[in-house]
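Just follow the structure's listing: the first ligand is 1, and inside any ligand the first atom is 1.
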Amino acid sequence: MDIHVVTIFPEMFSAITEHGVIARAVKQGVLSITLHNPRDFAEDRHSTIDGRPYGGGPGMVMMPDVMSRVLEAAVLAASSVSGVRPRVVYLSPQGQQFDHGAAQEFALESSNEALVLLAGRYEGVDERVLARFVDEEWSVGDYVLSGGELPAMIMIDAIARLLPSSLGNVESAEQDSFVDGLLDCPHYTRPENFNGDKVPQVLMSGDHQAIERWRLKQALGRTWLRRPELLEKKELTADESQLLEEFKLESLDKGT
Ligand code: 9D3
C-alpha cells in the first residue's frame with residue numbers, strides 16, 4: 001500500500017516510520033509512506049501557506065492555490081504506480097469517527113491502491129480545495145487536537161498492522177481487541193508469584209480449553225464493566241451469555 005501524506009510537518013512522521021510495525025512494513029516493501037510539504041509549493045518569497053479567514057474571526061486558513069498544487073502533486077504521485085485515482089482523505093474534526101472497522105475496510109479496499117491523507121493545520125483548508133480533491137473526511141475522536149498529523153499517524157498505524165504479512169503473526173491481528181467487539185482479557189508473565197500476588201490458577205493448568213473459556217469470560221466481564229455500550233451492539237451466543245452471568249455472580253462475591 002502506498003500512502004501519501006500532505007503535511008507542513010513531515011518530520012513528525014519519523015515517529016512512526018522509524019519504529020516498530022510500520023518501520024518493518026516499510027522495510028518489507030508492504031507499505032510506502034511519501035510526504036508532501038505544502039511549503040514546497042508556495043511561490044512568494046515568504047513561502048506563505050495560510051491566509052486570514054474571509055468574514056473575519058480568529059486563526060488562519062490554508063490557502064487554495066498552494067494546497068491545490070501540493071494535492072495535485074500528491075494525487076499524481078499516488079496514481080503513478082497503480083494507474084488508478086487514489087482515495088483522498090481529509091483528517092478533520094467534522095469527519096466520520098475512525099474505528100477498527102474503518103481500519104479493516106481501508107486495509108482491504110485500499111491495499112492495492114494508493115491513499116492520500118491530507119493533514120490540516122490552523123483552522124483548516126479552504127473549502128474549495130476540499131470540494132475539488134477530497135473523497136472522505138475522517139476524525140479520530142471527539143477532542144480538539146492542533147492538526148491532522150497525529151490523526152493521520154493513528155490511521156496509518158491502525159491500517160498498516162492489518163496489511164497482509166505486515167505482522168509477525170497474522171493471528172495477533174485476528175485476536176485484537178475490537179475484532180470480536182470485546183475488550184481484551186488480562187495478561188500475565190513470570191514470575192508466577194509476584195510479591196505474594198499470584199497468577200490465576202487456570203492459566204497454569206495447561207488445560208487449553210479451560211484457559212480459552214476463562215479468557216473469554218474475562219473479556220466479556222471487563223467489557224460489561226468498562227464499556228457496556230459495546231455489549232449492546234454485540235449478539236452474544238448462549239455460551240457467552242452464561243460466561244458473562246458467571247462473571248457477574250463472581251464479581252458480586254468479591255464485593256461482599
Ligand atoms: C479550536 C479550533 N476550532 C475552532 C472552533 C476548530 C478546529 C480546527 C482545527 C479544531 C481542531 C483543528 C485541528 N484538528 C484536526 O485537524 C483534526 C482532528 C481533531 O482535532 N480531533 C479529532 N480528529 C481530528 S482529525 C483532524
Side-chain angles (χ1 to χ4, degrees), residues 1-17 21-22 31 33-42 47-75 78 86-107 109-110 114-163 176-178 227 229-230:
M1 182 179 212
D2 296 323
I3 301 181
H4 293 257
V5 186
V6 174
T7 170
I8 62 166
F9 294 125
E11 305 82 9
M12 285 180 74
F13 287 78
S14 57
I16 58 168
T17 57
V21 176
I22 296 174
L31 177 70
I33 297 174
T34 310
L35 301 159
H36 303 266
N37 193 342
R39 196 74 72 183
D40 299 337
F41 294 81
S47 298
T48 310
I49 51 167
D50 59 335
R52 315 264 306 273
Y54 278 124
M60 298 294 271
V61 177
M62 297 181 93
M63 294 173 91
D65 57 341
V66 177
M67 296 311 290
S68 294
R69 285 196 290 271
V70 66
L71 277 162
E72 204 76 72
V75 166
R87 214 166 150 178
V88 180
V89 168
Y90 180 41
L91 287 311
S92 137
Q94 282 74 49
Q96 304 181 69
Q97 195 157 323
F98 187 72
D99 63 9
H100 194 72
Q104 284 176 319
E105 197 264 326
F106 273 99
E109 292 294 311
S110 311
L115 194 60
V116 174
L117 301 180
L118 169 58
R121 280 274 151 176
Y122 320 116
E123 292 309 305
V125 178
D126 185 285
E127 191 68 23
R128 293 163 292 183
V129 174
L130 302 179
R132 189 166 113 209
F133 288 94
V134 172
D135 301 309
E136 311 157 44
E137 295 193 20
W138 289 91
S139 159
V140 296
D142 292 337
Y143 35 82
V144 179
L145 299 171
S146 44
E149 283 79 9
L150 286 171
M153 286 189 260
I154 286 172
M155 283 188 66
I156 294 169
D157 190 271
I159 295 165
R161 48 193 307 295
L162 298 177
L163 294 176
D176 274 352
S177 175
F178 297 114
R227 298 288 304 279
E229 80 282 8
L230 292 180

Q | Short side-chain to backbone donor-acceptor contact, T48 and D50, under 3.5 Å | A | no
Quick one: table the atom pairs, ligand 1 N or O against protein N or O, below 3.5 Å, distance rounded to 0.1 Å.
unit_1, atom_1, unit_2, atom_2, d
ligand 1, 16 (O), G148, N, 3.3
ligand 1, 20 (O), L145, N, 2.8
ligand 1, 21 (N), Y143, O, 2.8
ligand 1, 23 (N), S139, OG, 3.4
ligand 1, 23 (N), V140, N, 3.1

Q: Can you see which heavy atom on A15 is nearest to which on M153, and at what distance?
A: CB-SD, 4.4 Å
Q: Evaluate the ring planes of W138 and F98, with Trp represented by its six-membered ring, and classify them as parallel (under 30°), tilted (30 to 60°) or perpendicular (over 60°).
A: perpendicular
Q: With side chain to side chain contact (heavy atoms under 4.5 Å, CB included) as the test, would you mind laying out the steps for V5 and I156 before giving the verdict?
A: CA-CA 10 Å; V5 186; I156 294 169; 4.0 Å; yes
Q. If only atom types and distance count, is the side chain of R87 paired as donor or acceptor with the main-chain N or O of D135 below 3.5 Å?
A. no
Q. CE/M67 to CE/M62 distance, rounded to the nearest 0.5 angstrom?
A. 4.0 Å
